Amino acid sequence: MKNEKMLIVDNRLIAAGTYEMTLAGTLVSEISRPGAFLHVAVPGEDLVLRRPISIASVDHEGGSCTLIFKDVGAGTERLARCHPGDRVDVLGPLGQQGFPVDEPYAADDVLLIGGGVGVPPLYYAACELAGRGVSVSVILGFQTTSAIFYEEQFRELPGCDVRIMTDDGSYGQKGTVIEAFEERGKRPDWLFSCGPRGMLRAVEKAGMHPHTKGYVSLEERMGCGVGVCLACVCETEDRSSYRKICRDGPVFPFKEVLL
Amino acid sequence: MKNEKMLIVDNRLIAAGTYEMTLAGTLVSEISRPGAFLHVAVPGEDLVLRRPISIASVDHEGGSCTLIFKDVGAGTERLARCHPGDRVDVLGPLGQQGFPVDEPYAADDVLLIGGGVGVPPLYYAACELAGRGVSVSVILGFQTTSAIFYEEQFRELPGCDVRIMTDDGSYGQKGTVIEAFEERGKRPDWLFSCGPRGMLRAVEKAGMHPHTKGYVSLEERMGCGVGVCLACVCETEDRSSYRKICRDGPVFPFKEVLL
Amino acid sequence: MMRDPRLEVTLPGLPMKNPLMPASGCFAFGREYAELYDLNELGAIAIKGTTGTARLGNPTPRVAETPSGMLNAIGLQNPGAKGVRDEELPFLETYDVPVLANVSGSRPEEYVDVVKTLTDAPNVGAFELNISCPNVKEGGIHFGTDPAAAAELTKEVKRVSTKPVYVKLSPNVTDVTAIARAVEGAGADGLSLINTLLGTRIDWETRKPVLANEKGGLSGPAIKPIALRMIYDVRQVTDLPIIGMGGIQSTEDVIEFMLAGVDAVAVGTANFSNPFACPNIIRELPAWLERLGVEHIRHLRGQGEAAV
Amino acid sequence: MMRDPRLEVTLPGLPMKNPLMPASGCFAFGREYAELYDLNELGAIAIKGTTGTARLGNPTPRVAETPSGMLNAIGLQNPGAKGVRDEELPFLETYDVPVLANVSGSRPEEYVDVVKTLTDAPNVGAFELNISCPNVKEGGIHFGTDPAAAAELTKEVKRVSTKPVYVKLSPNVTDVTAIARAVEGAGADGLSLINTLLGTRIDWETRKPVLANEKGGLSGPAIKPIALRMIYDVRQVTDLPIIGMGGIQSTEDVIEFMLAGVDAVAVGTANFSNPFACPNIIRELPAWLERLGVEHIRHLRGQGEAAV
Ligand SMILES: Cc1cc2nc3c(=O)[nH]c(=O)nc-3n(C[C@H](O)[C@H](O)[C@H](O)COP(=O)(O)OP(=O)(O)OC[C@H]3O[C@@H](n4cnc5c(N)ncnc54)[C@H](O)[C@@H]3O)c2cc1C
Ligand SMILES: Cc1cc2nc3c(=O)[nH]c(=O)nc-3n(C[C@H](O)[C@H](O)[C@H](O)COP(=O)(O)OP(=O)(O)OC[C@H]3O[C@@H](n4cnc5c(N)ncnc54)[C@H](O)[C@@H]3O)c2cc1C
Ligand SMILES: Cc1cc2nc3c(=O)[nH]c(=O)nc-3n(C[C@H](O)[C@H](O)[C@H](O)COP(=O)(O)O)c2cc1C
Ligand SMILES: Cc1cc2nc3c(=O)[nH]c(=O)nc-3n(C[C@H](O)[C@H](O)[C@H](O)COP(=O)(O)O)c2cc1C
Ligand code: FES
Ligand code: FES
């Protein structure tokens with residue numbers, strides 16, 4: 001974990017309201033886990049809380065990493081307006097538990113299910129898996145055509161099978177990722193998922209076979225991002241205690257947490 | 001009075017911690033009075049009060065005007081860091097009473113006394129006077145060589161006699177503007193002054209002959225800048241009432257206000 | 001200016017074209033901003049706090065800056081009730097906008113005097129008793145922190161007023177709902193909240209408080225969450241009309257205050273940073289109603305309360 | 001890390017290398033920030049509010065953002081006094097930094113229990129009674145708003161504590177000096193102020209309060225002028241040591257709090273925006289002393305009071 005004023009190398013609109021920001025800095029060398037996130041300070045003094053954004057990809061040789069974020073409020077709007085050459089204050093990488101991309105065997109059936117801006121950490125996971133020779137199936141859900149991003153990038157990964165679902169059917173198949181998941185029939189050995197809470201609940205309901213090793217990346221409003229303030233907790237499945245999403249996660253086995 | 005996001009055409013360091021910012025916009029057409037000021041919003045959302053800065057010169061044909069300000073705190077620091085091409089939210093021109101530059105005759109003895117960042121509105125006044133064929137004497141006080149600005153610009157005005165005083169004697173003559181004023185002997189017909197309160201008091205004490213028409217530009221912490229909040233008052237000489245510096249001034253006859 | 005029936009709200013004494021008014025002390029008596037836009041756009045106008053006789057106010061500096069806020073210690077500089085009646089209200093009469101006359105004083109008799117002097121002015125729609133000005137030493141705030149004193153003052157004013165009376169509550173209290181209930185019991189027709197929070201700043205260079213008055217009232221966005229909380233709490237104990245204020249800068253803020261339970265809002269400090277704050281918000285409101293799927297702005301009132 | 005004698009301050013139970021400590025609830029029990037810097041740099045450490053038995057706290061969302069501030073409604077999630085004693089304090093014992101143990105509870109007996117459990121821990125230098133947590137329904141804040149209840153609680157705790165006791169005052173009161181005097185009379189060894197101000201935010205999309213708990217405590221730069229004012233006022237009525245907090249972000253802020261009358265400061269919310277806030281300020285302090293021409297930081301204490 002480092003605190004660094006990273007250089008914005010690139011910041012571009014890649015889909016409706018969705019930006020891809022490339023950051024360079026020494027903390028890139030510490031990034032190793034898909035699911036890890038950066039806690040990004042918003043330019044301007046009035047917003048005191050940092051914004052957690054998942055790492056979408058990392059280029060260790062080039063010393064840069066990529067975030068993909070949607071402009072949904074005051075903070076992401078300002079980040080969207082940043083220019084290459086600007087610097088942004090970043091704390092990270094954060095999160096001690098990511099997607100276990102080192103574990104699947106090449107023959108395993110690995111399925112990634114992502115919705116909207118839940119897609120970025122899955123892309124990082126897919127890159128790592130592909131790098132290890134594991135082929136993955138990906139189901140991505142978006143509201144509509146204009147919201148889709150990274151379809152090509154996924155397709156370019158060796159052995160990556162990509163299915164796009166849109167709510168309005170304007171691209172790919174009309175329907176939710178759950179429908180695609182159910183249509184698929186066979187239950188995967190590994191299931192990595194990230195997206196809106198409702199989608200994650202539906203995935204859990206639809207997909208958790210005893211032998212499926214399912215992992216989910218969670219979101220919650222954060223303060224510190226490092227585990228001291230206790231803002232970002234989620235209940236454990238048995239409701240007996242809490243996990244800190246920022247530190248214990250943000251990725252958890254489906255079985256561990258209550259969605 | 002207009003509220004406009006003016007374009008920063010230029011912003012450069014011209015002396016120690018002192019910046020010259022050139023702004024373009026339609027409100028320039030309303031600028032007519034030396035002494036008038038702009039109420040400048042500071043970039044960033046956390047500083048809610050605007051900063052009052054005197055107009056140092058105006059170029060009606062080019063549609064631009066110039067401010068000269070010193071970086072003395074959070075607001076002026078951020079303004080100093082603005083780049084050409086940025087926009088800055090400006091309310092102005094403000095102040096209904098400026099230096100009466102239309103009144104002196106060519107033969108009148110007109111003296112301008114300025115200290116530090118009190119110099120800018122006097123430069124605007126000197127330009128107007130010179131334009132009307134009135135020659136002026138100028139006494140400018142600065143702390144030290146590195147703080148001096150606009151000496152050349154004053155000297156280039158036709159008939160302008162410039163004397164520079166420095167506190168440490170590192171340039172011009174060592175001493176205060178008051179010493180230069182007293183050495184000068186004869187009392188002027190017109191005296192326009194702007195600078196720290198202490199300097200203004202000393203000028204008043206040293207210089208107010210019954211026939212001298214003396215004017216002073218005042219500073220006070222401001223809220224609205226337009227006369228509604230009553231933050232920026234100064235007492236009248238007889239202590240019976242208040243004047244609003246932002247609206248009734250910022251220039252007043254020495255006799256009207258209590259310094 | 002277009003009138004939009006979806007924005008019209010009627011509060012006691014204040015038939016408003018829209019729920020927006022400039023807050024007391026942040027608009028003087030309207031002359032200055034009238035040079036910038038047509039005051040007829042406003043729902044109402046709260047005028048500067050008026051006392052029995054003219055006051056000069058506090059020495060300067062009277063304002064200081066704080067993170068997302070400002071401190072003021074103007075000290076109720078105003079021309080006195082007669083001055084306001086004879087010099088200021090006639091100017092505002094040229095507009096079709098009701099005036100909310102903000103009344104201050106050191107003793108109950110002073111409040112009563114001001115109300116007597118202004119109550120027959122045709123454009124005064126209602127009074128707003130400032131029982132919470134933190135910036136004058138002799139009184140004012142005392143009425144705002146003691147429920148019994150607040151109630152007594154309300155009663156005395158109600159006795160002489162021919163117009164509805166709003167009481168402007170102080171946030172510098174342990175339990176704002178107790179004051180709200182007390183003044184409701186005493187016959188208040190409405191409430192305004194919040195006034196400023198007491199604060200200070202100290203200058204490390206001079207080693208003195210920045211304000212000549214040492215302390216001042218904190219306003220601006222910084223206090224918005226406190227204002228919302230107090231309104232939210234007061235809305236649970238009374239159905240009186242509430243004029244909400246404290247840090248409102250944007251149309252979104254107005255919606256948030258509505259959801260917390262207000263009937264109308266006042267915009268104070270934001271006028272200083274953006275002199276067009278009021279008309280801009282008014283013009284943006286219709287689009288927000290559509291976005292929210294609301295037929296009339298009053299339907300938002302109190303809709304943000306958790307259904308517990 | 002260099003020790004600078006000009007920064008050393010000694011408060012009851014807390015011999016501090018410098019007047020800076022992280023504020024309770026904003027540093028947990030030190031483990032996380034210990035990964036970022038050497039905790040030995042700190043003057044002291046205020047640990048998370050500890051209750052008699054473990055608490056799970058409130059549902060999420062537990063934080064919301066506000067202009068220059070934040071709201072929190074954590075609800076005192078903590079492992080309970082025994083957990084803190086057995087699991088957390090031993091870790092902090094590896095550092096040469098006194099601990100200020102923040103104590104919370106619903107009933108006086110709970111405070112007493114916690115203090116009994118922790119009072120013999122070797123690195124607990126003093127207790128800080130959190131009589132002002134706005135985020136748990138059953139009590140806590142009641143002790144903070146009633147002088148008699150605050151005094152009674154202080155007395156009971158003093159009876160069992162072998163360490164000095166600081167009382168952390170609530171800003172949600174009409175007269176903070178009354179509480180300060182009451183707890184001083186009851187034997188408090190020092191004061192901490194301020195805790196958070198009650199606030200709320202409402203989401204226009206969901207039309208519900210942003211916080212699951214509806215309301216939360218406002219902290220951060222927004223509250224700084226209120227904190228300074230309360231400290232300034234309390235300093236006029238007592239000579240007790242004061243630990244000041246509320247919106248401190250920079251070295252300049254620390255100087256301002258010193259001038260207002262504190263003996264030491266605590267940094268809360270700023271840790272979240274800048275995890276190095278504490279060590280950065282500590283490293284900058286010596287240069288500021290030179291700039292101010294002050295031989296020892298304690299010479300600034302209360303120097304910002306107007307000479308009236
Ligand atoms: C571990 C993690 C990874 C994330 N990764 C991504 C990503 O890769 N791409 C992306 O677009 N978004 C991601 N998010 C969501 C992102 O943090 C929010 O969209 C963002 O904080 C919104 O900030 P805002 O100022 O624009 O919105 P506002 O609504 O103005 O924010 C107000 C406050 O609420 C918080 N907040 C609002 N929405 C969320 C949310 N969904 N999750 C957490 N905090 C929220 C903000 O951080 C801020 O403190 C992630 C969230 C978490 C927790
Ligand atoms: C009519 C008028 C004309 C001015 N013209 C110039 C000029 O041409 N060049 C120049 O350098 N300065 C000028 N000043 C002073 C300038 O306004 C302040 O230096 C500036 O506001 C400081 O802001 P800050 O944020 O850097 O300082 P901070 O100290 O951080 O400011 C804090 C608050 O105090 C106010 N403040 C601080 N110092 C002053 C001051 N001297 N006068 C008024 N408000 C102050 C700020 O506006 C702000 O609200 C003028 C002031 C007035 C009233
Ligand atoms: C400069 C200034 C002067 C004020 N004068 C008065 C006043 O005379 N009477 C009054 O009731 N409130 C007065 N107030 C308080 C405002 O009306 C309002 O309640 C408060 O500022 C909160 O709103 P805001 O955050 O939008 O400014 C004044 C506020 C400011 C900033
Ligand atoms: C997330 C969070 C948790 C807190 N928990 C506690 C606590 O357990 N006990 C306590 O006395 N104060 C607690 N506080 C209050 C802080 O210690 C401090 O008094 C307050 O936040 C003001 O300081 P600041 O503005 O620097 O944050 C908490 C504050 C925050 C933001
Ligand atoms: S955000 Fe602070 S504990 Fe997770
Ligand atoms: S600054 Fe508001 S009256 Fe002058």
Side-chain angles (χ1 to χ4, degrees), chain B residues 1-5 27 30 39-52 72-76 78 88-96 197 218-236 238-248 257-259, chain C residues 22-37 47-49 54-79 203 205 210-212 216 218-222 247 249-250 268-277 280:
Chain B
M1 178 189 4
K2 274 208 170 80
N3 186 192
E4 185 178 7
K5 289 205 193 304
L27 74 67
E30 296 188 13
H39 214 24
V40 183
V42 178
E45 305 286 317
D46 58 322
L47 302 182
V48 303
L49 296 180
R50 292 168 177 270
R51 269 48 179 177
V72 295
T76 47
R78 283 196 212 165
V88 66
D89 186 308
V90 173
L91 181 67
L94 298 176
Q96 301 199 329
R197 200 55 82 101
L218 296 183
E219 288 186 8
E220 186 50 81
R221 288 184 181 238
M222 292 189 175
C224 64
V226 301
V228 310
C229 75
L230 306 177
C232 69
V233 297
C234 65
E235 278 185 284
T236 50
D238 62 6
R239 290 175 174 270
S240 71
S241 66
Y242 281 120
R243 293 283 178 275
K244 294 184 266 191
I245 292 175
C246 68
R247 191 170 173 93
D248 304 330
V257 289
L258 189 75
L259 292 179
Chain C
S24 175
C26 303
F27 210 72
F29 300 93
R31 290 180 200 276
E32 294 77 9
Y33 288 124
E35 293 170 14
L36 284 174
Y37 59 85
I47 58 172
K48 174 71 191 165
R55 286 205 197 204
L56 281 176
N58 292 325
T60 58
R62 290 179 170 185
V63 294
E65 201 173 41
T66 73
S68 294
M70 64 174 280
L71 294 168
N72 90 78
I74 307 299
L76 287 178
Q77 180 180 341
N78 82 91
D203 185 328
E205 283 191 274
V210 173
L211 298 171
L218 181 64
S219 64
Q249 275 190 314
S250 67
T269 305
N271 291 294
F272 308 157
S273 28
N274 176 9
F276 292 98
N280 282 356

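Keep in mind it's a predicted model, so treat the numbers as computed, not measured. Convention: sequence-line order gives letters A, B, ...; per-chain numbering from 1.
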What pair of heavy atoms forms the shortest contact from C/Ser273 to B/Arg50, and how long is it?
->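 Here C/Ser273 and B/Arg50 meet closest at O-NH2, 2.6 Å.
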pair [X]-[Y]: side-chain heavy atoms closer than 4.5 Å:
X        : Y        : value
C/Gln77  : B/Val233 : yes
C/Phe27  : B/Cys229 : no
B/Val228 : C/Phe272 : yes
C/Ser68  : B/Glu45  : no

Which bit of [X] is near chain C, if near means a heavy-atom gap under 4.5 Å: side chain, backbone, both or neither?
X        : answer
B/Leu91  : side chain
B/Ala231 : both
B/Arg221 : both

salt_bridge(B/Lys2, C/Glu35) N-O dist < 4.0 Å = no
Do B/Arg51 and C/Glu65 meet the salt-bridge criterion of a basic N to acidic O distance under 4.0 Å?
->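 Yes, charged N to carboxylate O under 4.0 Å.
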Verdict with reasoning, B/Met1 to C/Glu32, per side chain to side chain contact (heavy atoms under 4.5 Å, CB included) = CA-CA 10 Å; B/Met1 178 189 4; C/Glu32 294 77 9; over 6 Å; no
Out of C/Gly57, C/Ala270, C/Pro221, C/Ala28, which one racks up the most heavy-atom pairs below 4.5 Å with chain B?
->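 Greatest number of close heavy-atom pairs with chain B: C/Ala28.
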Chain B contact via C/Leu36 - which portion, at a heavy-atom distance below 4.5 Å = side chain
Side chain, backbone, both or neither: which part of C/Pro67 has an atom under 4.5 Å from a heavy atom of chain B?
-> backbone
Hey, does the Lys NZ or Arg CZ of C/Arg62 hover above the aromatic six-ring of B/Tyr242, less than 6.0 Å from the centre and inside 45° of the axis?
-> yes
Approximate separation, where rounding is to 0.5 Å, of C/Thr60 OG1 and B/Ile245 CD1 = 7.0 Å
